[in-house]
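Below, each value reflects all heavy atoms present in this structure, side chains not excepted, and no hydrogens, waters or symmetry copies. Each ligand, and each atom within it, is numbered from 1 in the order the structure gives. Remember, predicted model here, so these are calculated numbers, not experimental data.
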Amino acid sequence: MSSHPDLVAAAVAASSRAYAPYSHYFVGAALRGDNGKIYSGANVENASYGLCICAERAAIIAAVLDGVRTIEAIAVATSTSPPAAPCGMCRQTIAEFAREAALILTNDRGERLDMKLSELLPHAFHREDIK
Ligand code: THU
């Protein structure tokens, strides 16, 4: 599985549901869990800026609450070109549930960048580092 067109479509659709009245930067994310289901999320901002939650972590929380413990692939959609990569906090959150997940960065123009999480976050912090 390398193309994941359903994830790309779900991420773009989720971006239209973002709540981003402060940044006006709409982000959508969609992931496939180890149960084969798709979970999506969008960024949700707050007047207290530090409380903003990113699309990727919103999708991951939805998946984890449904019992998912492994992410097979995750797509992130923005409106920027080139497609933007997940922030550092989201990279580490993805790493908790996916060592080698396929990452698809896309935008509403259909541009697409495929990469592995390990390229974006080499030497991630993992559970075995807690000794
Ligand atoms: N944002 C995401 O949703 N994902 C990221 O990986 C980076 C940033 C959101 C947070 C905030 O609502 C807006 O983009 C601007 O930073």
Side-chain angles (χ1 to χ4, degrees):
M1 280 219 287
S2 61
S3 68
H4 304 293
D6 51 352
L7 287 187
V8 170
V12 172
S15 70
S16 70
R17 299 196 292 274
Y19 176 73
Y22 306 103
S23 72
H24 306 287
Y25 186 66
F26 291 73
V27 187
L31 66 87
R32 192 183 326 283
D34 47 7
N35 57 4
K37 286 169 64 176
I38 292 177
Y39 300 87
S40 57
N43 53 328
V44 178
E45 299 187 343
N46 193 285
S48 178
Y49 297 163
L51 301 185
C52 294
I53 181 157
C54 294
E56 298 90 324
R57 282 177 292 130
I60 290 168
I61 288 166
V64 168
L65 294 185
D66 199 36
V68 169
R69 293 294 179 268
T70 303
I71 295 172
E72 294 181 355
I74 180 165
V76 182
T78 62
S79 55
T80 47
S81 179
C87 75
M89 192 181 279
C90 288
R91 294 178 197 196
Q92 179 62 32
T93 307
I94 296 167
E96 181 71 20
F97 302 103
R99 298 281 169 111
E100 275 300 327
L103 257 166
I104 304 146
L105 313 180
T106 188
N107 61 24
D108 51 9
R109 279 162 258 199
E111 292 175 276
R112 171 179 176 144
L113 294 170
D114 284 81
M115 54 192 68
K116 292 283 187 189
L117 178 65
S118 54
E119 294 176 67
L120 280 182
L121 188 65
H123 308 290
F125 187 77
H126 287 125
R127 63 175 61 212
E128 57 268 24
D129 295 312
I130 304 172
K131 294 191 178 111

J.: Could you go through the side-chain contact (heavy atoms from CB on, under 4.5 Å) check for D66 and N35 one step at a time?
T.: CA-CA 10 Å; D66 199 36; N35 57 4; 4.2 Å; yes
J.: Under 4.0 Å from a heavy atom of E45: give me the atoms of ligand 1 that qualify, with their elements.
T.: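 Here the atoms of ligand 1 in question are 11 (C), 12 (O), 13 (C).
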J.: For atom 16 (O) of ligand 1, state whether the nearest protein heavy atom is under 4.0 Å away.
T.: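 No, because not a single protein heavy atom sits under 4.0 Å from atom 16 (O) of ligand 1.
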J.: Check S23 against ligand 1 and report side chain, backbone, both or neither, counting heavy atoms closer than 4.0 Å.
T.: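 The side chain, only.
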J.: Considering non-hydrogen atoms of the protein only, which is the closest contact for atom 9 (C) of ligand 1, and what is the distance?
T.: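 Nearest protein contact, heavy atoms only, for atom 9 (C) of ligand 1 is N43 ND2, 3.6 Å.
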J.: Among protein heavy atoms, which lies nearest atom 3 (O) of ligand 1, and at what distance?
T.: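 Closest protein heavy atom to atom 3 (O) of ligand 1: A55 N, 2.9 Å.
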J.: From the options I104, L31, L7, select the one residue that forms a side-chain contact (heavy atoms from CB on, under 4.5 Å) with I74.
T.: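 Checked I104, L31, L7 against I74; only one passes side-chain contact (heavy atoms from CB on, under 4.5 Å): L31.
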J.: Give the numbers and elements of all ligand 1 atoms closer than 4.0 Å to a heavy atom of Y25.
T.: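 By the 4.0 Å cutoff, the relevant atoms are 13 (C), 14 (O), 15 (C).
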J.: With the side chain counted from C-beta on, respond yes when T80 and N107 share a heavy-atom pair under 4.5 Å apart, and no when they do not.
T.: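 Not in contact.
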J.: Please list the nearest protein heavy atom to atom 8 (C) of ligand 1 with its residue and the distance rounded to 0.1 Å.
T.: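 Residue, atom and distance for the closest contact: C54 SG, 3.9 Å.
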J.: Check D129 against A124 and note the closest heavy-atom contact, atom names and distance.
T.: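 Closest approach of D129 to A124, heavy atoms only: OD2-O, 3.8 Å.
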J.: Among I60, L117, D34, exactly one meets side-chain contact (heavy atoms from CB on, under 4.5 Å) together with F97. Which residue is that?
T.: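 When side-chain contact (heavy atoms from CB on, under 4.5 Å) is applied between F97 and each of I60, L117, D34, only I60 qualifies.
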J.: For the residue pair S40 and R17, what are the closest heavy atoms and their distance?
T.: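 Where S40 meets R17 most closely, the heavy atoms are OG-NH2, 3.6 Å.
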J.: Got an N/O contact under 3.5 Å between C87 and ligand 1?
T.: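 Yes, since at least one N or O of C87 sits under 3.5 Å from an N or O of ligand 1.
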J.: If you have a sec, work out which protein heavy atom is nearest atom 4 (N) of ligand 1 and how many Å separate them, to one decimal?
T.: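 Atom 4 (N) of ligand 1 sits closest to the protein heavy atom E56 OE1, 2.8 Å.
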J.: For M115, is the CE atom crowded, meaning more than 12 foreign heavy atoms sit under 6.0 Å from it?
T.: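 For M115, atom CE is crowded (more than 12 foreign heavy atoms under 6.0 Å).
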J.: Strictly under 4.0 Å, does any heavy atom of P86 approach an atom of ligand 1?
T.: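 Contact present.
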